[in-house]
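Step one of this worksheet: look at the structure below.
Naming convention: chains lettered A, B, ... in sequence-line order (proteins, then strands); numbering from 1 in each chain.
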Amino acid sequence: MPELPEVEAVRGELEPVMTGARFVEVQVRRPDLRAPFPRDFRARLIGQRVDALTRRAKYLLAALSSRDTLVMHLGMSGSFRVDVSAGRRPADDMVDRHDHVVFSMSSGAVVTFNDPRRFGIMELLTPDQLARHSVLSRLGPEPLSSHFNAAALARACKGKKTTLKAALLDQRTVAGLGNIYASEALHVAGLSPLRRASTIATPSGAPREAAVRLAAAIKRVLTRAIDRAAGRGYRSSRFRVYERAGEPCPRPRCGGTIRRRVQLGRSTFYCPVCQR
DNA sequence: ATTGAGACCTGTCGGC
DNA sequence: TGCCGACAGGTCTCAA
């Protein structure tokens, strides 16, 4: 389910019931998500207040009054459910077999993490662990921040022998793009996903025109997706090229046909006519 | 250091 | 109906 826009929508739903509230009860129903839970997970959460709920790339970060940070990732199939009138404990018939973690907050809300494939992650980090985190500390810029622009993108792609698609999926290049929005952004920018990443930069790492277009396309695609994801369900809207193999290219007067091919074991959708 | 392949796990969908 | 393979919005590890 979740790339940056969807994770941002989840943040928006959790924020009002979690920020300022304390963990009253924490139930770990299955401790074997992608990374094992720390032994003292429950003890370190109960009684703590959530000072802020933020997002970094596809991670949700709950800053706690203890100075620890609760890090949450939805993986491929993770989601949160918020029950405001559920009382202290959810009724048995409200529990799904993939409900792995249940937070009862002092706001009265019960927040349940559900994840069929269990690719999701929950970890509790000290300030030191957070600062040195092998993934979090190496993430690229937030695509919608001023730190991300054509210059930053070109610098990150300089010398890269991989394809543009692979470079965009690499969270060190830019943080938060996934398989759908990488394809979408490349189509908006008119750039082939098969093109060498290094070709959008000069040898010294300065942005070429393609980098300018790609950076702008990424911002545009994500901004629009956030606006839509905030409203209704994630999958409600369809996309320009994603899952549209065989359909005509949506670019006016292009006339191409959208193609699907596999890169890095994942589907890429693109128009071979207007994406060069 | 970079890169691609395979692994992780469960569910769904289409074809036979 | 049942079985089987392909595929799914993400990382992580490993070997070249």
Specify whether A/His73 and A/Tyr59 have parallel, tilted or perpendicular ring planes, treating 30° as the upper limit for parallel and 60° as the lower limit for perpendicular. perpendicular
In this structure, how many angstroms lie between the P atom of C/dG10 and the OH atom of A/Tyr181, rounded? 10 Å
Rounding to a whole Å, what distance do you find between A/Arg261:CZ and C/dC7:P? 14 Å
For atom OH of A/Tyr59 and atom P of C/dG10, their distance in whole Å: 12 Å
CG of A/Leu264 versus P of C/dT11: gap in Å, rounded? 13 Å
Under 4.0 Å between a side-chain N or O of A/Arg266 and OP1 or OP2 of C/dC7? no
Would you indicate which nucleotide in C/dC7, B/dT3, C/dG10 comes nearest to any side-chain atom of A/Met76? C/dG10
Identify whether the distance between the nearest side-chain nitrogen and carboxylate oxygen of A/Arg56 and A/Glu142 falls below 4.0 Å. yes
Rounded to whole Å, please give me the gap between CD1 in A/Ile180 and P in C/dC7. 16 Å
For the P atoms, the ones on C/dC7 and on B/dA5, what distance do you get once it is rounded to whole angstrom? 15 Å
Please name the pair of heavy atoms, one in A/Ala62 and one in A/Val50, separated by the smallest distance, quoted to 0.1 Å. CB-CG1, 4.3 Å
What is the nucleic acid contact for A/Gly265, judged by heavy atoms within less than 4.0 Å: base, sugar-phosphate only, or nothing? nothing
On a heavy-atom basis, the closest approach of A/Thr19 and A/Asp51 is CG2-O, 3.7 Å
Closer than 4.0 angstrom, basic N to acidic O: yes or no for A/Arg238 and A/Glu247? yes
Students often get this wrong, so: under 4.0 angstrom with heavy atoms, is A/Arg172 touching a base, only sugar-phosphate, or nothing? nothing
Looking at B/dT2, I'd like to know if its phosphate oxygens (OP1 or OP2) sit under 4.0 Å from a side-chain N or O belonging to A/Lys161. no
Salt-bridge contact A/Asp99-A/Arg29 (side-chain N to carboxylate O under 4.0 Å): no
Along nucleotides 8-15 of chain B, 5' to 3', which nucleotides get a B, which get an S, and which get a -, given that the test is a protein heavy-atom distance under 4.0 Å? BBBS----
Could you summarise the pairing of DNA chain B as dot-bracket text, marking Watson-Crick and G-U pairs under 3.5 Å with ( ) or [ ] inside the strand and | across strands? .|||||||.|||||||
Can you measure A/Leu33 atom CG to C/dG10 atom P for me and round it to whole angstrom units? 17 Å
Assess whether a salt bridge exists between A/Arg138 and A/Asp170, defined as any Lys/Arg side-chain N lying under 4.0 Å from an Asp/Glu carboxylate O. no
Under 4.5 Å between side-chain heavy atoms, counting indirect links through other Ile/Leu/Val/Met/Phe/Trp/Tyr residues: same cluster for A/Leu264 and A/Ile180 or not? no
Looking only at atom P, what distance separates C/dC14 and B/dC9, rounded to whole Å? 15 Å
Return whichever of A/Lys58 or A/Ser267 has its heavy-atom-nearest nucleotide of DNA chain C closer to the 5' end. A/Ser267
Atom pair distance, as rounded to whole Å: CD in A/Glu123 and P in C/dT11: 13 Å
Using only side-chain N and O atoms of A/Gln171, determine if any of them is under 4.0 Å from OP1 or OP2 of C/dG10. no
Nearest whole Å is fine: how far is B/dA1 C1' from A/Lys160 NZ? 10 Å
Can you tell which of A/His98, A/Met76, A/Arg34 makes a side-chain contact (heavy atoms from CB on, under 4.5 Å) with A/Arg117? A/Met76
Answer yes when A/Glu25 and A/Arg42 have at least one side-chain N-carboxylate O distance shorter than 4.0 Å, and no when they do not. yes
